[in-house]
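Beneath this line is the structure, given in structure tokens, with notes to follow.
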Amino acid sequence: MNTTNQSPDTEKTKESLNFIEAIIEEDIREGRNDGKVHTRFPPEPNGYLHIGHAKSICLNFGLAEKYHGKCNLRFDDTNPVKEEEEYVESIKEDIHWLGFRWEGEPRYASDYFEQLYEWAEMLIQKGLAYVDDQPAAVIAAQRGTPTEPGIISPYRNRTMEENLQLFREMREGKYRDGEKVLRAKIDMSSPNMHMRDPVMYRILHEHHHRTGNKWCIYPMYDFAHGQSDYIEGITHSVCTLEFEVHRPLYDWFLDQIVTGPYRPRQIEFARLNLSYTVMSKRKLLELVEKKIVNGWDDPRMPTISGLRRRGYTPDSIRNFADRIGVAKRDNVIDVALLEHAVREDLNKTALRYMVVLKPLKVTLTNYPEDQTEQLETINNPEDPEAGTRTVPFARELYIEQDDFMEDPPKKFFRLAPGREVRLKSAYIIKCEEVVKNDRGEIFELKCTYDPETRSGSGATRKVKGTLHWVSASHALDVEVRLYDRLFNDPDPAGHKDKDFKEFLNPDSLKILKDCKAEPALATAKKGDHYQFQRIGYFTVDPDSTENHPVFNRTVPLRDAWARISKNSNR
RNA sequence: UGCCCCGUGGUGUAAUUGGCAACACGCCUGACUCUGGAUCAGGAAAGUCCAGGUUCGAACCCUGGCGGGGCAGCCA
């Protein structure tokens, strides 16, 4: 029997699960939490999201999608000193832009402050929490070190009644910042530092972006996160590796409040590292504050807003996130993979236009002075639906400086004295004369065109190279910003004795002010993606105005010639 | 010299849970091409950190090393 649609190949293609999916499927199989899957993305609103967050977003929202569950957006806003509404808005925008929809309204840890407070009182009543009057430095000293146990606070054995009264007074604002804290009573000699009577609440007379001045005590991350998960019905609380040592504490707090069979579970994965960039919020903030880049959305930044401005698409980032996988070992992803992801996406969709970045004038000496032709050209060879347009052709043109060499090496297929090339969608031309200025610089080429070779005329003559070009009199003047990696070193933050800023790439931004574009680009709209033929993918920058279009280079095209010439150079 | 986590081509992730180490990026050939793009065909590249053990059989299990990362905020 030959049942066609079941080749042995597709049979073998059973998808492999990442370790988190494996855990989830086992949980479902065993009927934990009624087989439900509910995840959450829990950013702290203290900065802009970056590509590392995108990995987490794709993971959490993706898991919910895959297992027909839900995913919440929850702002982890327990520290009013650092958090701001501005960040809340940018985070929501970035997640939306990536194409994800959270379940219901965004949640906030601050929504749970009252409940958290009640649980804190409950712990006090159970004798599992106490108020400590010591200053931060003393508490830190008593905590011991990873190799030595801590010592017990002199306030550890206050009565339940006294603790309760003190804690209530803390809430009422009777004490100054730092005067008292509420601590969990666990184990000062635990080998896990986080179990040595961790602080649950600290006093902060600060205005909170949502609760205003209602509170002057704020819960710590450890006393907020697991409980927030519990309140929201989260089943799988996925976070990065540095929280692994917090898990026993996550579970300890849950042990105190969980009443039924439902219980959230923390799972840790390795955060994303990308080559040739830095990913920590602190370092990114430094780049912004020291004006090394032009803001959080500078197209060289690995922030989501930066990538968006650079011209990355949501699909490309999501595909990238899929490909890098999820595991627990430290990793550094080659930025080339990210670049591949955009090229792959844009290749399918971006319309092709001709833009000359560094113009070199070409005069066709045998072309009539006052003639203009409208030549038809295809918008996207990858997508027949994209149709065609016309581009004006005339006697005076611009071609790319890089497309001409007076003394070309062997594998150079472009224009040179006496040589022929095809002008894309136009004619074959031949270089007859090189005109130089006083300084001996090439200034203009005098060429002839072959009227028999018009594109689409059926002419069969072949030439080795095809160049992009623009009619001089019709050309649109545009600004083009060429971006390159921000750092020269694959791991700028990985040098013990050197500051990451020592590895900044001085050529990460080159601004080209007199580029020549074909007129059709006059209607380009902000955020549109294009391929500039033979050069790369570009998008319209928000700095663009009607009279002054500005394009950002998202990523160059793969360039075989660049590789050939580089390889022969060494 | 505490506790926790992790070691598979250059990079990342797999290997139906003990059965021929695969996929992607990158790199190199070649074909094709009115984009030196795309596409297509092929290639090099790990024998799974090391040493033992269990087993007919180990990337996978056990023991011991070695290496990397994390933990001593009233940050998250």
Side-chain angles (χ1 to χ4, degrees), chain A residues 12 14-18 22 42-44 46 76-79 81-83 132 135-137 139-141 143-150 177-178 180-183 190-196 198-204 218 220-222 224-225 239-248 268 270 275 281 323-334 336-341 343-344 347-348 352 354 377-378 381-382 411-414 421-426 428 453 455-456 459 462-468 490 531-536 556-564 567:
Chain A
K12 231 185 282 177
K14 49 181 87 99
E15 52 155 356
S16 66
L17 304 176
N18 67 47
E44 182 188 15
N46 70 342
D76 220 332
D77 56 351
T78 57
N79 185 357
V81 185
K82 292 186 174 180
E83 294 147 8
D132 197 328
I139 291 178
R143 193 164 357 249
T145 70
T147 53
E148 306 162 79
D177 287 6
K180 286 180 165 46
V181 289
L182 183 72
R183 291 228 258 170
S190 169
N192 183 338
M193 299 291 291
H194 297 279
M195 300 300 273
R196 322 240 261 227
V199 172
M200 292 166 58
Y201 271 91
R202 74 286 215 191
I203 299 171
L204 253 20
Y218 291 91
M220 299 286 290
Y221 166 86
D222 285 307
H225 204 93
C239 63
T240 46
L241 244 31
E242 68 268 29
F243 293 102
E244 199 152 28
V245 280
H246 292 243
R247 186 163 13 111
E268 312 85 10
S275 63
K281 275 188 192 173
R323 281 172 203 223
I324 60 178
V326 181
K328 295 191 77 163
R329 56 185 107 113
D330 292 334
N331 62 83
V332 182
I333 307 288
D334 192 337
L337 185 59
L338 218 210
E339 295 176 343
H340 172 261
R343 286 196 189 100
E344 183 182 51
N347 176 50
K348 291 181 299 194
R352 274 64 168 169
M354 292 198 285
T377 188
I378 196 160
E382 299 295 315
K411 288 193 173 167
F412 188 80
F413 299 153
R414 282 111 94 144
V421 292
R422 147 102 35 211
L423 294 182
K424 174 74 181 171
S425 302
I428 290 175
T453 59
S455 189
K462 301 273 186 206
V463 287
K464 271 195 181 163
T466 300
L467 309 187
H468 61 282
Q531 185 194 103
F532 290 179
Q533 204 110 208
R534 301 208 306 133
I535 300 176
L557 248 33
R558 288 181 79 229
D559 187 348
W561 167 242
R563 258 179 283 141
I564 291 166
N567 289 346

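Values below: every heavy atom of this structure, side chains too, minus hydrogens, waters and symmetry copies. Quantities reported herein were computed from a predicted structural model and do not represent experimental measurements. The chains referred to below are lettered A, B, ... by the order of the sequence lines, with proteins before strands, and numbering in each begins at 1.
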In whole Å, what separates the [atom1] atom of [N] from that of [M]?
N: B:A44; M: B:G9; atom1: C1'; result: 10 Å
N: B:U55; M: B:U17; atom1: P; result: 22 Å
N: B:G73; M: B:G19; atom1: P; result: 46 Å
N: B:U8; M: B:U48; atom1: C1'; result: 4 Å
N: B:G12; M: B:G52; atom1: C1'; result: 31 Å
N: B:C60; M: B:U16; atom1: P; result: 12 Å
N: B:U11; M: B:G2; atom1: C1'; result: 34 Å
N: B:C66; M: B:U29; atom1: C1'; result: 40 Å

Checklist line | Closest contact, heavy atoms only, A:F413 versus A:V421 | finding: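 Of all heavy-atom pairs spanning A:F413 and A:V421, the closest is O-CG1, 4.0 Å.
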
Next item on the list: List in chain and number order the residues that pass side-chain hydrogen bond (donor to acceptor under 3.5 Å, both in side chains) with A:S190, two or more places apart in sequence or in another chain; answer none if no residue qualifies.
Entry: none

Note to self: Please enumerate all residues that pass side-chain hydrogen bond (donor to acceptor under 3.5 Å, both in side chains) together with A:E339, with sequence neighbours excluded.
What the structure shows: none

Notebook entry, point to check: Under a 4.0 Å N-O cut-off, is there an ion pair linking A:E268 with A:R247?
Noted result: yes

I want to check one thing: is the phosphate of [N], taken as OP1 and OP2, less than 4.0 Å away from some side-chain N or O of [X]?
X: A:R196; N: B:C3; result: no
X: A:R202; N: B:C75; result: yes
X: A:R329; N: B:U13; result: yes

Give me the distances for all protein-to-nucleotides 31-34 of chain B N/O pairs that come in under 3.5 Å?
| unit_1 | atom_1 | unit_2 | atom_2 | d |
| --- | --- | --- | --- | --- |
| B:C34 | OP1 | A:K462 | NZ | 3.4 |
| B:C34 | O2' | A:K424 | NZ | 3.2 |
| B:C34 | O2 | A:S425 | N | 2.9 |
| B:C34 | N3 | A:S455 | OG | 2.7 |
| B:C34 | N4 | A:R422 | NH1 | 3.0 |
| B:C34 | N4 | A:S455 | N | 3.1 |
| B:C34 | N4 | A:S455 | OG | 2.4 |
| B:C34 | N4 | A:G456 | N | 3.3 |

[N], syn or anti by chi within 90 degrees of zero:
N: B:G10; answer: anti
N: B:G68; answer: anti
N: B:U54; answer: anti

Nearest-angstrom distance from the residue atom [atom1] of [X] to [atom2] of [N]:
X: A:E268; N: B:C5; atom1: CD; atom2: P; result: 10 Å
X: A:K328; N: B:U8; atom1: NZ; atom2: C1'; result: 18 Å
X: A:D330; N: B:G67; atom1: CG; atom2: P; result: 17 Å
X: A:N331; N: B:G10; atom1: CG; atom2: C1'; result: 15 Å
X: A:R352; N: B:U35; atom1: CZ; atom2: P; result: 11 Å
X: A:R247; N: B:C3; atom1: CZ; atom2: C1'; result: 13 Å
X: A:N347; N: B:U35; atom1: CG; atom2: P; result: 13 Å
X: A:I203; N: B:C75; atom1: CD1; atom2: P; result: 12 Å

According to side chain to side chain contact (heavy atoms under 4.5 Å, CB included), who are the partners of [X], at least two apart in sequence or on a separate chain?
X: A:N347; result: A:R352, A:E382, A:Y537
X: A:K411; result: A:W561, A:I564
X: A:D132; result: A:Y130, A:Q134, A:I139, A:S153, A:Y155, A:V181, A:R183
X: A:T240; result: A:E242, A:F243, A:F269, A:R271

Does the side chain of [X] reach to within under 4.5 Å of the side chain of [Y], using non-hydrogen atoms?
X: A:P198; Y: A:M220; value: no
X: A:L557; Y: A:Q531; value: yes
X: A:L338; Y: A:I333; value: no
X: A:E244; Y: A:K328; value: yes

Among [options], which is the nearest nucleotide to the side chain of [X]?
X: A:F413; options: B:A38, B:G36, B:A14; value: B:G36
X: A:L557; options: B:G12, B:U35, B:G2; value: B:U35
X: A:D334; options: B:U11, B:C6, B:A14; value: B:U11
X: A:E244; options: B:A76, B:G37, B:C4; value: B:C4
X: A:E83; options: B:G37, B:A14, B:A76; value: B:A76
X: A:K411; options: B:G36, B:A24, B:G73; value: B:G36

Determine the contact category for [X]: base if any of its heavy atoms lies under 4.0 Å from a base atom, sugar-phosphate if only primed atoms, P, OP1 or OP2 are that close, otherwise nothing.
X: A:K180; value: nothing
X: A:V81; value: nothing
X: A:E339; value: nothing

Check: 5'-most contact on RNA chain B: A:P381 or A:N79, nearest heavy atom basis?
Finding: A:P381

Notebook entry, point to check: Where each residue is assigned the nucleotide of RNA chain B containing its nearest heavy atom, which of A:G325 and A:R563 is assigned the position nearer the 5′ end?
Noted result: A:G325

Check: Who are the ring pair (Phe, Tyr, Trp, His ring centres under 6.0 Å) partners of A:H468, not counting sequence neighbours?
Finding: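 Residues passing ring pair (Phe, Tyr, Trp, His ring centres under 6.0 Å) with A:H468: none at all.
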
Under 3.5 Å between N/O atoms: give me all the protein pairs with nucleotides 70-72 of chain B, atom names plus distance.
| unit_1 | atom_1 | unit_2 | atom_2 | d |
| --- | --- | --- | --- | --- |
| B:C71 | O2' | A:H194 | NE2 | 3.1 |

Item checked: Under 3.5 Å donor-acceptor pair, A:E382 side-chain atoms to B:U39 base atoms -> no

Check: Does any N or O donor sit under 3.5 Å from an N or O acceptor when you compare the side chain of A:R343 with the base of B:G37?
Finding: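 No pair found.
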
Notebook entry, point to check: Which residues satisfy the salt bridge (charged side-chain N to carboxylate O under 4.0 Å, His left out) test with A:R414, sequence neighbours excluded?
Noted result: A:D403

Margin query: So, using salt bridge (charged side-chain N to carboxylate O under 4.0 Å, His left out) as the criterion, who are the partners of A:R329 when residues are at least two apart?
Written below: none

Item checked: Secondary-structure stems, RNA chain B, at least 3 Watson-Crick or G-U base pairs under 3.5 Å ->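 Stems (3+ consecutive pairs) listed as B:2-7 with B:66-71, B:10-13 with B:22-25, B:27-31 with B:39-43, B:49-53 with B:61-65.
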
